2 protein chains.
Amino acid sequence: MRLSSLADYAVVMMTACARHCGGTRINAGQLADETGIPLPTVQKLVSRLSSAGLLRSIRGAGGGFKLARPAAAISLAEIVEAIEGPIAMTSCVEQGRHDCALEGSCSVQPHWPVVNKAVRSALADISLTAIAGPPIPAFSVPAS
Amino acid sequence: MRLSSLADYAVVMMTACARHCGGTRINAGQLADETGIPLPTVQKLVSRLSSAGLLRSIRGAGGGFKLARPAAAISLAEIVEAIEGPIAMTSCVEQGRHDCALEGSCSVQPHWPVVNKAVRSALADISLTAIAGPPIPAFSVPAS
DNA sequence: GAAATTCGGACTAATGCGGTCCAATTAGCC
DNA sequence: GGCTAATTGGACCGCATTAGTCCGAATTTC
């Protein structure tokens with residue numbers, strides 16, 4: 001019941017992007033600086049996030065990233081799913097997996113989708129704006 | 001976002017106990033037989049479950065286990081917590097852990113308790129009776 | 001007193017995960 | 001038109017948590 005640290009990092013990175021919102025692009029190096037996450041890890045995460053449609057990437061010189069959608073339209077559930085795959089408590093609900101010995105005689109199995117939906121909607125109700133920090137300091141300049 | 005297979009097993013075992021409800025004791029061997037879970041693993045799990053107060057154990061010859069409370073009064077959240085510890089999405093919310101580089105400047109941290117409560121209540125709303133299978137065949141005899 | 005059963009801890013193997021690096025592609029700039 | 005800077009995507013490796021097993025001690029019944 002704990003999300004992987006990569007997913008945790010992804011949430012932190014997305015909030016950092018949200019603070020820089022206004023359309024400003026930010027590259028992987030800056031992002032690593034601000035969040036304290038090692039650069040190679042940032043690279044791996046932005047790769048997954050942009051292929052999931054949460055970030056829009058501009059490559060080449062002067063390139064970088066920005067949110068593909070307004071922060072209010074991005075939920076925690078989407079970020080987690082982009083990194084960890086579909087939210088499912090057990091592996092037996094994924095189709096194509098048949099490594100459970102009970103398979104079919106299991107009285108618990110039909111109830112997992114209900115649990116999964118409950119958990120997922122709990123995460124889907126939390127938008128990026130809700131966790132990005134109070135007012136968005138888009139134009140604020142750090143004291144340093 | 002996936003629970004460990006031990007927690008998964010624990011849920012299956014608890015539902016098996018719930019079906020044998022009526023006060024009948026069931027020993028670890030029978031439980032392993034019914035669920036298909038290897039015996040040593042069953043032993044480890046019942047140990048944790050009974051020390052968490054979910055199962056009541058009677059040792060000695062003819063001993064065994066039974067539910068400490070009616071199935072309706074036991075929730076999924078309790079079972080998961082008995083095996084995996086407190087439900088928390090990130091490790092930074094546990095007191096005593098200070099291994100996060102951001103610590104204090106992190107704008108996401110104060111929002112995790114809200115997420116944790118949302119997820120936990122989703123699991124707490126699901127009782128053992130809801131997943132133990134339709135009618136409880138307390139006195140039914142398998143065809144074999 | 002002997003047999004049966006739980007209890008608790010220690011130990012081992014392996015799967016998965018976090019993390020790093022490198023080659024390829026693409027866009028801006030001189 | 002060539003060069004530089006930046007993202008992209010994949011392969012790779014070491015570590016850590018976890019699953020699973022086993023054994024000795026305690027306890028109750030027959």
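These numbers were taken from a predicted model, which means no experiment stands behind them. Chain letters run A, B, ... following the sequence lines, proteins first and then strands; every chain starts at 1.
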May I ask you to evaluate whether A:S47 reaches the phosphate of D:dT8, defined as a side-chain N or O under 4.0 Å from OP1 or OP2?
no

Looking only at side-chain N and O atoms, does B:T41 come under 4.0 Å of OP1 or OP2 in D:dT21?
yes

Below 4.0 Å: OP1/OP2 of D:dA19 and any side-chain N or O of B:Y9
no

Nearest-nucleotide comparison on DNA chain C, the residue closer to the 5′ end among A:G62 and B:A61
B:A61

Residues A:E78 and A:R69 bridged, charged N to O under 4.0 Å
yes

Grab the CG-C1' distance between B:L31 and C:dT6 for me, whole Å please.
13 Å

Output the rounded distance in Å from CZ (A:R59) to C1' (C:dA23).
13 Å

Residue-phosphate contact under 4.0 Å: B:S4 side-chain N/O, D:dT17 OP1/OP2:
no

Counting only distance, no hydrogens or angles, is the base of D:dG9 paired donor-acceptor with the side chain of A:K44 under 3.5 Å?
no

Within the structure shown, what part of the strands sits under 4.0 Å from B:S51 by heavy-atom distance: base, sugar-phosphate, or nothing?
nothing

At under 4.0 Å between heavy atoms, what does B:P38 touch on the DNA or RNA strands: base, sugar-phosphate, or nothing?
sugar-phosphate

So if I take every side-chain heavy atom of A:L6 and compare against D:dT8, C:dT6, C:dG19, which nucleotide ends up nearest?
C:dG19

Would you mind telling me which of D:dT21, C:dT5, C:dA27 lies closest to the side-chain atoms of B:P40?
D:dT21

Between P on C:dC17 and CG on A:D8, what's the gap in Å once rounded to a whole number?
15 Å

Which nucleotide in D:dA19, C:dA4, D:dT8 has an atom nearest any side-chain atom of B:S5:
D:dA19

Residue A:F65, side-chain atoms from C-beta onward, closest of D:dT21, D:dT7, D:dG20:
D:dT7

In terms of the nearest nucleotide of DNA chain C, which residue is placed more toward the 5' end: A:I58 or A:L39?
A:L39

So do B:L76 and B:D125 actually touch side chain to side chain, heavy atoms under 4.5 Å?
no

Output for pair (B:D8 CG, B:M13 CE), nearest 0.5 Å, gives 11.5 Å

Close side-chain approach of A:L55 to A:M14, heavy-atom, < 4.5 Å:
yes

Can you work out whether B:G60 or B:A7 has the more 5'-proximal nearest nucleotide on DNA chain D?
B:A7

Do B:I26 and B:E34 have side chains that approach each other closer than 4.5 Å (heavy atoms only, starting at C-beta)?
yes

Atom CD1 of B:I83 and atom C1' of D:dG20: how far apart are they, to the nearest Å?
14 Å

Value in whole Å for how far the C1' atom of C:dA4 lies from CG of B:N27:
10 Å

Could you check whether any side-chain heavy atom of B:V11 comes within less than 4.5 Å of a side-chain heavy atom of A:W112, counting everything from C-beta outward?
yes

Spacing of B:L45 atom CG relative to C:dG8 atom P, expressed in whole Å
14 Å

Of the candidates C:dC22, D:dA19, D:dA26, the side chain of A:Q43 sits closest to C:dC22

Rounded to whole Å, how long is the line connecting atom CE of B:M1 with atom P of C:dC17?
14 Å

Roughly how many Å is it from CG in A:L55 to C1' in D:dG9, rounded to a whole number?
16 Å

